[in-house]
Amino acid sequence: MKKASHISFFVLFTVGILLNSCQEKSAKVYTEADVNIIPKVAHLNITEGVFQFNENTVFVVSNEEQKQAVKLLIDKFNNAANWNLKITAKTPTSNYISLALDNSLEQEAYTINASTSHVVLKASSASGFLYAIQSLRQLLPVEIESDTLIKNIDWEIPNVQITDSPRFKWRGLMLDVSRHFFGKDYIKETIDMLALHKMNILHLHLVDDQGWRIEIKKYPKLTEIGAWRVDQEHLLWNAREDNNPDDKGTYGGFLTQEDLKEIVAYAATKGVEVVPEIEMPAHVSSAIAAYPELSCHGEQIAVPSGALWPITDIYCAGKESTFEFLENVLLEVMDIFPSKYIHIGGDEATKTNWEVCPHCKKRIKAEKLENVEELQSYFIKRIEKFINSKGKKLIGWDEILEGGLAPEATVMSWRGVKGGIEAAKHGNDAIMSPVGYCYFDYYQGTPDLEPKAAGPVTTVSKVYQFEPIVGELFQEEEKHILGGQANVWAEHIPTEEHSQYMIFPRLTALSETLWSPKESRNWNDFSVRLKSIMNRFEYLDVNYAKSAYIINSKVKTDIQSKSVAITLQNEFPDSDIRYVLNDADLNSEAIPFTKPIVVNRTTAIKASLFEADKPINHVFKETITFHEGVASKVDYLTNYHERYQGSHAFNLVNTLRGSKDFRDGRWQAWLNKDAKVVVDLGEEKNISKVIIGSMVNQKNSVYYPTEIKVLLSHDNENFTEVGKIKKPFKVDDEPELKDFSIDFKAQKARYIKVEAKIDKSDIEVKEAWIFMDEILID
Ligand code: ACM
Ligand code: ZN
């Protein structure tokens with residue numbers, strides 16, 4: 001008895017623990033914070049309980065499209081859970097996911113209703129069901145992305161009611177496969193990733209100067225010659241040399257019509273439409289290399305291996321044979337791509353050959369055109385007529401607005417959003433793809449820490465601020481803004497891994513700007529979900545950038561206390577950033593960053609993101625160099641340019657040094673004028689040295705000053721020159737930073753005047769910028 005009671009106590013105790021743990025498990029209360037779906041759904045409601053997948057869960061479908069949609073999850077469970085979930089047409093009593101047609105829902109809309117016994121997905125179209133499945137996927141633990149068995153995990157989702165639909169109907173990504181060639185498998189992988197993000201357009205940039213990438217059966221030389229260039233891959237894009245047309249090209253490749261049809265069919269099963277871009281009249285050196293008669297001059301040219309600017313070898317707009325060629329090409333293109341849209345480029349044509357070409361001149365006269373801009377407009381309108389006659393619509397970059405817009409054309413606005421607004425006001429459709437937000441060939445973090453890229457920095461949080469509807473558009477005009485698109489120009493992107501790196505996670509941010517209601521946009525909320533989807537990327541083996549974790553600094557200057565306050569941050573709020581000063585080691589004793597670090601003497605700061613008490617990721621290092629001028633009043637005798645204002649009044653005395661990226665917000669710049677400033681130390685100080693921080697970047701018209709003078713004064717009226725540097729103009733290729741140091745006999749002064757100038761008689765240029773980041777006074 002005694003023993004028995006002992007046993008029963010033991011049994012009860014054990015059962016109690018088991019019951020308890022079961023209860024604990026099933027009692028997990030989900031909240032909105034557990035739902036990490038990107039793009040954020042329009043409406044979400046969570047109720048108590050979960051739907052638990054197990055090996056007997058079935059999918060109830062009523063047609064092939066629905067079968068196709070559920071295949072994604074069946075494959076995922078097959079890999080991660082080792083279950084072979086079945087599809088059925090008959091609804092069981094419980095433990096099922098059913099797909100039900102609901103024609104009251106809009107084209108791309110869907111709903112999810114998950115209860116403990118079953119889940120119902122509703123939509124009116126194939127794409128709606130695909131999106132519902134993608135949301136279901138993202139409701140499941142991230143481990144569902146694993147391609148090997150995961151044990152000890154509950155494959156459950158919270159009981160939710162979701163109603164969702166996209167804000168914009170064009171949610172695109174452009175892959176440039178010309179500048180560097182990426183193959184069929186990578187393109188399909190990219191389609192899978194678009195589908196995960198409910199993006200629905202893949203724009204393939206198939207033609208450019210440096211490579212023709214689509215097989216055209218009537219013109220085989222386009223790919224025999226135009227798809228290949230002399231291999232200069234060991235050189236940076238802008239450093240590549242001109243090729244001789246007789247040299248054989250060995251770098252390149254192209255997609256056959258079969259490849260492309262396969263891509264199109266694959267994309268269709270994922271809810272993605274493939275839009276081809278066949279550039280004209282410019283960006284076609286590859287075509288002219290294959291068929292020289294397409295240009296005005298008809299001379300043999302080579303396929304360039306790198307940068308080409310300006311682009312003067314363009315199709316002749318005078319010869320009828322040009323249009324015959326293009327119509328034949330487009331007929332084959334339309335046979336491959338069922339999309340309603342054909343993108344014809346239309347950007348960046350330098351029309352100097354048209355000015356002198358007898359055929360083009362004849363055309364201008366015959367068509368009563370004013371100039372070559374109107375000739376481009378004639379060109380595009382003629383092509384549009386042909387495309388329309390085949391039941392398709394033309395898209396072009398915003399240059400197609402110049403000289404008169406084709407009547408039905410859709411404008412892809414890349415030079416900002418201006419072109420898109422103009423098109424919408426004109427009654428034409430537009431797609432917003434402004435360089436500042438949507439060019440994914442730009443850096444996504446501090447350039448020094450990133451692979452070589454184009455342009456300035458476009459961080460993931462900046463992409464998240466992208467808004468396609470801007471400017472004063474009436475409601476009727478707003479309807480013409482179809483949506484937005486990111487473009488991955490591939491000049492500086494030699495490999496597929498690198499391409500993926502440039503796309504993610506920026507595309508993740510873009511997807512939410514294009515899908516989710518504008519009111520729900522919130523970076524802090526998104527950034528939590530971003531971390532969650534990054535865990536999916538880990539399982540999916542996606543080479544995404546982690547630049548958003550990298551720490552950078554911001555400085556505030558205090559004139560009263562003559563100190564600077566440093567803020568350390570990365571793109572994620574609530575990051576565990578810790579730092580040490582000077583020689584200390586960055587270890588578990590490091591100081592958590594919770595408020596700005598106030599510094600009033602030269603100080604080195606080391607910081608890192610911490611996880612589990614250990615520094616991870618890149619170590620941030622910055623030395624705040626103090627000098628007599630820090631936090632002094634600066635009087636600008638000549639104003640800096642509005643484009644480069646740095647941190648305004650204290651920029652030159654805030655200790656913050658600029659990087660080689662002249663747009664990093666740490667530089668002030670003067671255009672075509674001398675830079676003249678006076679630093680007021682507030683009191684007389686003994687000084688013997690002034691250092692001026694500057695940079696050169698001649699490609700961007702930034703030059704070193706050719707002369708810098710330093711003058712001192714006690715009263716801000718009478719100045720005495722104490723030193724001068726003359727630096728004769730020199731052709732420097734690579735951007736560089738330089739401190740110009742002017743030493744002189746120690747003396748007392750309160751006012752220090754710096755005058756920097758560029759002698760334009762030395763440099764025959766229209767634009768000359770002087771850049772300064774700091775004036776160090778000691
Ligand atoms: C473009 O970036 N030239 C469209
Ligand atoms: Zn011509």
Side-chain angles (χ1 to χ4, degrees), residues 172-176 178-179 203-210 237 275 277-285 287-288 291-299 301 307-326 343-367 369 371-372 374-376 378-380 382 395-402 410-420 430-442 453-456 458 484-493:
L173 173 74
M174 185 209 77
L175 280 187
D176 167 10
S178 169
R179 272 54 175 275
H203 162 178
L204 285 182
H205 186 75
L206 293 163
V207 171
D208 216 304
D209 296 299
Q210 295 83 1
W237 186 258
V275 176
E277 181 183 355
I278 307 297
E279 276 270 21
M280 61 187 79
H283 285 288
V284 291
S285 299
I288 293 171
Y291 297 100
E293 62 274 20
L294 292 169
S295 74
C296 290
H297 54 64
E299 286 158 26
I301 63 166
L308 177 71
W309 195 261
I311 304 165
T312 52
D313 284 328
I314 65 178
Y315 292 142
C316 177
K319 298 178 200 167
E320 275 305 294
S321 53
T322 303
F323 293 96
E324 193 185 315
F325 165 82
L326 287 172
H343 198 309
I344 54 78
D347 57 324
E348 299 182 320
T350 296
K351 305 164 188 91
T352 43
N353 288 346
W354 285 3
E355 309 256 14
V356 295
C357 167
H359 305 284
C360 288
K361 288 208 286 205
K362 200 167 145 208
R363 175 84 67 196
I364 287 175
K365 199 161 162 217
E367 297 294 331
L369 305 172
N371 50 35
V372 288
E374 289 194 4
L375 182 56
Q376 154 126 349
Y378 162 85
F379 192 115
I380 304 294
R382 182 163 167 178
I395 304 178
W397 299 109
D398 58 51
E399 283 91 337
I400 65 168
L401 283 154
E402 292 160 12
T410 299
V411 171
M412 197 167 263
S413 192
W414 71 279
R415 296 175 298 180
V417 291
K418 213 170 80 262
I431 297 151
M432 296 299 197
S433 191
V435 281
Y437 296 91
C438 295
Y439 270 40
F440 287 3
D441 54 333
Y442 282 19
T458 300
Q485 175 173 301
N487 301 323
V488 196
W489 300 103
E491 288 93 331
H492 306 286
I493 304 177

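This is a predicted model, so every value here is computed, not measured. Order of appearance sets the numbers: ligands from 1, and atoms from 1 within every ligand. Note: hydrogens, waters and symmetry copies are ignored here, and every other heavy atom, side chains too, is used.
Those atoms of ligand 1 that come under 4.0 Å of a heavy atom in Tyr439, given as number and element, are 1 (C), 2 (O), 4 (C). The Trp489 neighbourhood of ligand 1 comprises atoms 1 (C), 2 (O), 4 (C), with distances under 4.0 Å to a heavy atom of that residue.
Note on ring orientation: taking the six-membered ring where Trp is involved, the planes of His205 and Trp489 are perpendicular (angle over 60°, cut-offs 30° and 60°). Note on ring orientation: taking the six-membered ring where Trp is involved, the planes of Phe323 and Tyr378 are perpendicular (angle over 60°, cut-offs 30° and 60°).
The protein heavy-atom contact nearest to atom 3 (N) of ligand 1 is Asp347 OD2, 2.6 Å.
No side-chain donor-acceptor contact under 3.5 Å links Gln210 and Trp237. With hydrogens and angles left out, the side-chain atoms of Ser285 and Asp209 include a donor and acceptor closer than 3.5 Å. For the residue pair Asn487 and Ser433, a side-chain donor N or O sits within less than 3.5 Å of a side-chain acceptor on the partner.
The shortest N or O to N or O distance between Trp414 and ligand 1 is not under 3.5 Å.
The two residues Val284 and Asp313 come nearest to each other via the heavy atoms CG2-O, 4.3 Å. What you find for Arg363 and Leu369 is that their closest heavy atoms are O-CD1, 4.4 Å. Nearest heavy-atom pair across Gly346 and Ile400 is CA-CG2, 4.3 Å.
When heavy-atom distances to ligand 1 are checked against a 4.0 Å cut-off, Glu348 comes that close only through its side chain, counted from C-beta outward.
Excluding waters, the set of protein N, O or S atoms lying under 2.8 Å from the Zn ion (ligand 2) comprises Cys296 SG, Cys316 SG, Cys357 SG, Cys360 SG.
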